[in-house]
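Heads up, the thing below is written out as structure tokens.
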Amino acid sequence: MTHHFLKIATWNINSVRARLPLLLAWLQQHKPDVLMLQEIKCEHAVFPFLEIEAMGYTALVHGQKSYNGVAILSTHPIQEKSRSLISEDNEPARFLCAEIEGVDCMNIYAPNGNPRMDDAGLTEKFRYKLRWYAALVADVQQRLSQHRAVVLAGDYNIIPEAVDAANAAAWEGDALYVPEVRKQWRHLMNLGLYDAWRTLHGTQQAYTFWDYQAGAFQRDDGIRIDHFLLTPSLADRLENCTIHREMRAKEKASDHVPVMISLGA
DNA sequence: ATGCCCTTCAGCGAAGGA
């Protein structure tokens, strides 16, 4: 079986319009085959198609006004497979799946889930995060039963382990780190998926998000919450995984940075 | 101590993020 060499990236861009110059410069420099964007924060009608298509990319957009929104950019032929994960009314735009070169590229922007508790107990926001992850696990399971090659990438809003935070103790009780949520991560891993960063870099500490507040980046008080999970045949092709930390130091930076993998032919 | 910051929409603050 022959494959295409593929560079696939993910980036929670925190508004594609506010970040367009940074996005175009990054694409020009790194030229990924595929880029999964989260938090584009716009509807399809105002997505910057012209500028992105001028760089040789086709854009598949699942937009929403003001909040959320995901998109997949590709230099290869792209076929949409799904944009719904959880069959509830008013589903926010947090999911988009497309087939590219025989790979199911699943772009996720998981619910944050905070605040986790209020006076009445677990909040609806937190319960929704758990339901959303249950639906994601079921969707991935379905694709695995069909022997699909799957790249599951995006903003998971999960700190998998203590090593994935500069100060794990500060995240105790937070919806990104509580045991119930880390258990959802383990459910995914136990389906047989490989964390691209962990696979290549072991327990080396690296972060993909630093809060805008309190000089978090200057203090390197970050967390690793943007991830690539791969099915085994794709993990076998994994050549590298890079976290583009330098993007956090730019003017008008997103609070997340790009993560990129290379898959061998 | 979810306040610090940033984005959107719609105004001259609120909501949401993580």
Side-chain angles (χ1 to χ4, degrees), chain A residues 10-23 37-48 61-71 90-95 107-130 132-133 136 153-182 184-185 205-227 243 245 247-259:
Chain A
T10 181
W11 192 5
N12 179 322
I13 198 161
N14 183 19
S15 172
V16 71
R17 291 178 292 173
R19 227 67 64 197
L20 189 59
L22 275 184
L23 171 62
L37 291 172
Q38 302 88 36
E39 281 206 90
I40 60 173
K41 291 189 172 176
C42 68
E43 293 174 296
H44 184 280
V46 294
F47 186 87
V61 175
H62 184 189
Q64 180 181 330
K65 188 169 181 156
S66 304
Y67 304 117
N68 310 310
V70 290
N90 301 113
E91 179 178 354
R94 294 178 174 277
F95 180 71
N107 181 4
I108 63 166
Y109 173 45
N112 175 301
N114 279 311
R116 177 170 165 272
M117 299 284 286
D118 63 15
D119 295 342
L122 292 181
T123 62
E124 173 54 25
K125 284 186 176 187
F126 187 74
R127 293 171 195 273
Y128 184 69
K129 184 175 192 174
L130 296 181
W132 191 91
Y133 263 103
L136 178 65
D155 176 357
Y156 286 62
N157 271 317
I158 296 179
I159 301 165
E161 306 285 348
V163 70
D164 298 307
N167 181 10
W171 295 91
E172 296 285 346
D174 190 281
L176 276 62
Y177 190 58
V178 286
E180 290 161 282
V181 164
R182 292 165 63 196
Q184 301 303 313
W185 171 266
Q205 270 197 307
Y207 314 125
T208 64
F209 168 90
W210 297 260
D211 202 298
Y212 285 123
Q213 301 186 70
F217 183 62
Q218 287 69 23
R219 294 183 293 110
D220 199 21
D221 183 9
I223 52 180
R224 191 175 73 100
I225 56 174
D226 300 270
H227 308 292
I243 295 175
R245 176 191 176 91
M247 294 305 291
R248 186 64 180 80
K250 303 280 189 188
E251 280 296 314
K252 290 264 290 177
S254 170
D255 40 7
H256 298 248
V257 297
V259 182

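Each chain gets a letter, A, B and so on, in the order its sequence line appears, and its residues count up from 1.
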Nearest heavy-atom pair of [X] and [Y]: which atoms, and what distance?
{"X": "A:W132", "Y": "A:I108", "value": "CH2-CB, 3.7 Å"}
{"X": "A:D155", "Y": "A:Y109", "value": "OD2-CE1, 3.4 Å"}
{"X": "A:G63", "Y": "A:I40", "value": "CA-CD1, 4.2 Å"}

Spacing between [X] atom [atom1] and [N] atom [atom2], to the nearest angstrom:
{"X": "A:Q64", "N": "B:dC9", "atom1": "CD", "atom2": "P", "answer": "11 Å"}
{"X": "A:D221", "N": "B:dC4", "atom1": "CG", "atom2": "P", "answer": "17 Å"}
{"X": "A:E124", "N": "B:dG16", "atom1": "CD", "atom2": "P", "answer": "13 Å"}
{"X": "A:D255", "N": "B:dC5", "atom1": "CG", "atom2": "P", "answer": "14 Å"}
{"X": "A:L20", "N": "B:dT8", "atom1": "CG", "atom2": "P", "answer": "12 Å"}
{"X": "A:R182", "N": "B:dA18", "atom1": "CZ", "atom2": "P", "answer": "19 Å"}
{"X": "A:D174", "N": "B:dT2", "atom1": "CG", "atom2": "P", "answer": "12 Å"}
{"X": "A:F126", "N": "B:dG16", "atom1": "CZ", "atom2": "C1'", "answer": "18 Å"}

Does [X] put a side-chain nitrogen or oxygen below 4.0 Å from OP1 or OP2 of [N]?
{"X": "A:S15", "N": "B:dT8", "answer": "yes"}
{"X": "A:N68", "N": "B:dG16", "answer": "no"}
{"X": "A:Y212", "N": "B:dG3", "answer": "no"}
{"X": "A:H256", "N": "B:dG17", "answer": "no"}
{"X": "A:R224", "N": "B:dA18", "answer": "no"}

Quote, to the nearest angstrom, the [atom1] distance that separates [N] from [M].
{"N": "B:dG11", "M": "B:dA15", "atom1": "P", "value": "13 Å"}
{"N": "B:dC4", "M": "B:dG13", "atom1": "P", "value": "15 Å"}
{"N": "B:dA10", "M": "B:dA1", "atom1": "C1'", "value": "29 Å"}

Of the listed nucleotides [options], the one nearest the side chain of [X]:
{"X": "A:Q213", "options": "B:dC4, B:dG17, B:dC9", "answer": "B:dC4"}
{"X": "A:K65", "options": "B:dA18, B:dT8, B:dC9", "answer": "B:dC9"}
{"X": "A:I225", "options": "B:dA18, B:dC9, B:dG17", "answer": "B:dA18"}
{"X": "A:R19", "options": "B:dT7, B:dA18, B:dA10", "answer": "B:dT7"}
{"X": "A:D211", "options": "B:dA18, B:dC4, B:dT7", "answer": "B:dA18"}
{"X": "A:N157", "options": "B:dA18, B:dT7, B:dC9", "answer": "B:dA18"}
{"X": "A:R17", "options": "B:dT8, B:dT7, B:dA18", "answer": "B:dT8"}
{"X": "A:K252", "options": "B:dC9, B:dT7, B:dA18", "answer": "B:dT7"}
{"X": "A:F209", "options": "B:dG17, B:dT8, B:dA18", "answer": "B:dA18"}

*Test side-chain contact (heavy atoms from CB on, under 4.5 Å) applied to A:F209 and A:I159, A:N157, A:D255, A:L176, the passing residue*: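 Among A:I159, A:N157, A:D255, A:L176, the one that satisfies the side-chain contact (heavy atoms from CB on, under 4.5 Å) with A:F209 is A:D255.
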
*In this structure, which one of A:R94, A:E39, A:H62 forms a side-chain contact (heavy atoms from CB on, under 4.5 Å) with A:V70?*
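Among A:R94, A:E39, A:H62, the one meeting side-chain contact (heavy atoms from CB on, under 4.5 Å) with A:V70 is A:H62.
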
*If each of A:I40 and A:G215 is mapped to the nucleotide of DNA chain B with the nearest heavy atom, which maps nearer the 5' terminus, i.e. the 5' end?*
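Result of the comparison: A:G215.
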
*So which one's nearest nucleotide on DNA chain B is more toward 5', A:R94 or A:N14?*
A:N14

*asked:* Students often get this wrong, so: under 4.0 angstrom with heavy atoms, is A:Y177 touching a base, only sugar-phosphate, or nothing?
replied: nothing

*So what does A:K125 touch, heavy atoms closer than 4.0 Å: a base, only the sugar-phosphate, or nothing?*
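Sugar-phosphate, backbone atoms only, no base.
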
Just the atom pairs and distances: protein N or O near nucleotides 12-14 of chain B's N or O, under 3.5 Å.
none

*Residue of the set A:H256, A:K252, A:K41 for which side chain to side chain donor-acceptor pair (under 3.5 Å) holds with A:N14*: A:K41

*asked:* My understanding is that only residues two or more places apart in sequence, or in another chain, count here; which of them pass side-chain hydrogen bond (donor to acceptor under 3.5 Å, both in side chains) with A:D164?
replied: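 A:D164: side-chain hydrogen bond (donor to acceptor under 3.5 Å, both in side chains) contacts with A:R198, A:R224.
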
*Before accepting this row, confirm whether a basic side-chain N of the pair A:K125/A:D118 lies closer than 4.0 Å to the acidic partner's carboxylate O.*
no

*So, A:K129 side chain and A:A175 main chain: donor-acceptor pair closer than 3.5 Å or not?*
yes

